[in-house]
There are 2 protein chains.
Amino acid sequence: MPRTRGRAPTGGRADALSREIIVGAAVALLDERGERGLTFRLLAKQLNTGPGALYWHVANKDELVALAADQVLGHAFAAVPRLEEGAGAGLRALAIAVFDALDRHPWAASHVTAPATLANALRLLDRIGTLVARTGLPAERHFAVSTAISYYITGVSAQIIAPRSALDSTTSRDAFLTQTAERWEELDPADYPFLTRTTTDLRDHDDRDQFTTGLDLLLNGLNTTADPRPPA
Amino acid sequence: MPRTRGRAPTGGRADALSREIIVGAAVALLDERGERGLTFRLLAKQLNTGPGALYWHVANKDELVALAADQVLGHAFAAVPRLEEGAGAGLRALAIAVFDALDRHPWAASHVTAPATLANALRLLDRIGTLVARTGLPAERHFAVSTAISYYITGVSAQIIAPRSALDSTTSRDAFLTQTAERWEELDPADYPFLTRTTTDLRDHDDRDQFTTGLDLLLNGLNTTADPRPPA
DNA sequence: ACCTGAACACCGTTCAAGT
DNA sequence: ACCTGAACACCGTTCAAGT
């Protein structure tokens, strides 16, 4: 784990290289040009160095992208209050903060993975676990439930957000949905009874609402399990 | 959409090329050598042709991998009975069948995406929607709930399964979990109160149980919403 | 300890030319 | 209509050599 040394000389890139600097530049490049736009050559050029230099700080491209995604995940914590009234409300706020963070960096969504090994993924799971522990759930279920929630947050966010990073400005989201809706309309209602009558919902749906719908279902199920007799 | 013509000459690859043949060979190659082992050159060689030939049948590598993943998704339908007693049981069986199908082809998990455009993804969502429609849920919620379930199935499966395709036989799952557990143990309990006391759960957990835990939470929440007064 | 940049061993994709 | 295979324009990664 190398660290930045100090001082800033003059011209070009000032500081010495560091893992943080590299990851930061990678995030910027990914934001600008998408996953395929990130290249060791291009990244090196932007940092005024050669591609080989980067390999002293990161093992390979997979690690670099994973670190970049973890940095994006970290944005979520800034948006969420430290302590929340109830466990349910806290989990909901945390989940939505993660979704919003990934939504602003679509390339990152498919690269946050579990089980947690990177810094912010660790923080996230611990936060979830701590909130779950405040529920009435028996202790032996804490791990399974916490990871289930964590999987939902990152997995469903990836499903919802990742497709957006595929259609790079050539097609808009609206155009894509309209086109998909048309394909659904052309299906045989005998084979696809549900899809053929659901095309307007497809066209009009909001991604964030989709995320919270499933989230609330999940948290709802949590309450039921925690307290067998729901109030009134 | 070209189709296979007929007859089989002698020697080498017998039949004419077709999209189905190419996708089938791609699945085999992905199963054998993982995502990075799939190459147009290698695939072409196995089919006794040149790389350029493949481009007459598929647009590019992204499409090929998406088609391969969709074929794997199709395996799930073979494992699931046509009609299930209740909607809840049907959804559960369907979800687990998808998980198991993806579990046998880990590379595929991260490539099944929504909203559905490919054949088996369409079938899956329609099946889910049809089952959801049998619930007591108001019709205007069918789309949101169905896609939420669909997102859960594919998204959480991907989270759970995809990491496995990263550690290619060099490290076993057990070794990886043990190593991760050790990292958790070294964390400061003041910063990570949950993780530091949950390492044995991490080591002992079963992936499939993890999937069903969240699934049951979700379906549980569904029942609560569908019928405000749960029986007894 | 950290950086350089040429070189290696590949890729996906295109396209003129064939049948 | 479908296939061939050489060629183009890249990649990630390594590594001897520098400071």
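A, B, ... follow the sequence lines: proteins, then strands. Residue 1 opens every chain. Keep in mind that this is a model prediction, so the values were computed, not measured. Values below: every heavy atom of this structure, side chains too, minus hydrogens, waters and symmetry copies.
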**OP:** Give Leu38(B) one of three labels, base, sugar-phosphate or nothing, depending on what nucleic acid heavy atoms sit under 4.0 Å from its own.
**Re:** sugar-phosphate
Original post:
Just how far, in rounded Å, is P of dG12(C) from CZ of Phe40(B)?
Top reply: 7 Å
Original post:
Within this structure, what is the CZ-to-C1' distance between Arg36(B) and dC11(D), rounded to whole angstrom?
Top reply: 12 Å
Original post:
Can you check side chain to side chain contact (heavy atoms under 4.5 Å, CB included) on Thr147(B) and Leu125(B), steps first, answer last?
Top reply: CA-CA 7 Å; Thr147(B) 50; Leu125(B) 184 53; 4.3 Å; yes
Original post:
Atom CD of Glu35(B) and atom C1' of dC11(C): how far apart are they, to the nearest Å?
Top reply: 14 Å
Subject >> Atom pair distance, as rounded to whole Å: CZ in Arg33(A) and P in dC11(D) >> reply: 9 Å
Original post:
dC10(D) P sits how many Å from Lys61(A) NZ, rounded?
Top reply: 15 Å
Original post:
Stepwise, does the side chain to side chain contact (heavy atoms under 4.5 Å, CB included) test hold for Leu54(B) with Leu64(B)?
Top reply: CA-CA 10 Å; Leu54(B) 306 176; Leu64(B) 178 58; 5.8 Å; no
Original post:
Taking the side chain from Ser18(A) and the backbone from Ile21(A), do they hold a donor-acceptor pair closer than 3.5 Å?
Top reply: yes
Subject >> Rounded interatomic separation in angstrom, taking CH2 from Trp56(A) and C1' from dC15(D) >> reply: 16 Å
**OP:** Could you please spell out the steps behind the salt bridge (charged side-chain N to carboxylate O under 4.0 Å, His left out) verdict for Arg208(B) and Asp103(B)?
**Re:** CA-CA 9 Å; Arg208(B) 205 166 181 267; Asp103(B) 194 46; over 6 Å; no
Original post:
Which atom names give the shortest non-hydrogen contact between Arg19(A) and His57(A), and what distance separates them?
Top reply: NE-O, 3.5 Å
Subject >> Euclidean distance, atom OH of residue Tyr55(B) to atom P of dT14(C) [Å, nearest integer] >> reply: 7 Å
**OP:** Check Phe40(B) against Asn60(B) and note the closest heavy-atom contact, atom names and distance.
**Re:** CZ-C, 3.9 Å
Original post:
What's the closest nucleotide to the Thr39(B) side chain, out of dC2(C), dT13(C), dG12(C)?
Top reply: dG12(C)
Original post:
Any stems for DNA chain C, made of 3 or more Watson-Crick or G-U pairs in a row, each with both distances under 3.5 Å?
Top reply: C:4-8 with D:12-16, C:12-16 with D:4-8
**OP:** Could you go through the side chain to side chain contact (heavy atoms under 4.5 Å, CB included) check for Arg203(B) and Thr178(B) one step at a time?
**Re:** CA-CA 6 Å; Arg203(B) 230 185 302 247; Thr178(B) 303; 3.6 Å; yes
**OP:** Report the distance from atom CG of Leu54(B) to atom C1' of dA1(D), rounded to the nearest whole Å.
**Re:** 16 Å
Original post:
For DNA chain C, whose closest nucleotide is more 5', that of Arg41(B) or that of Ala53(A)?
Top reply: Ala53(A)
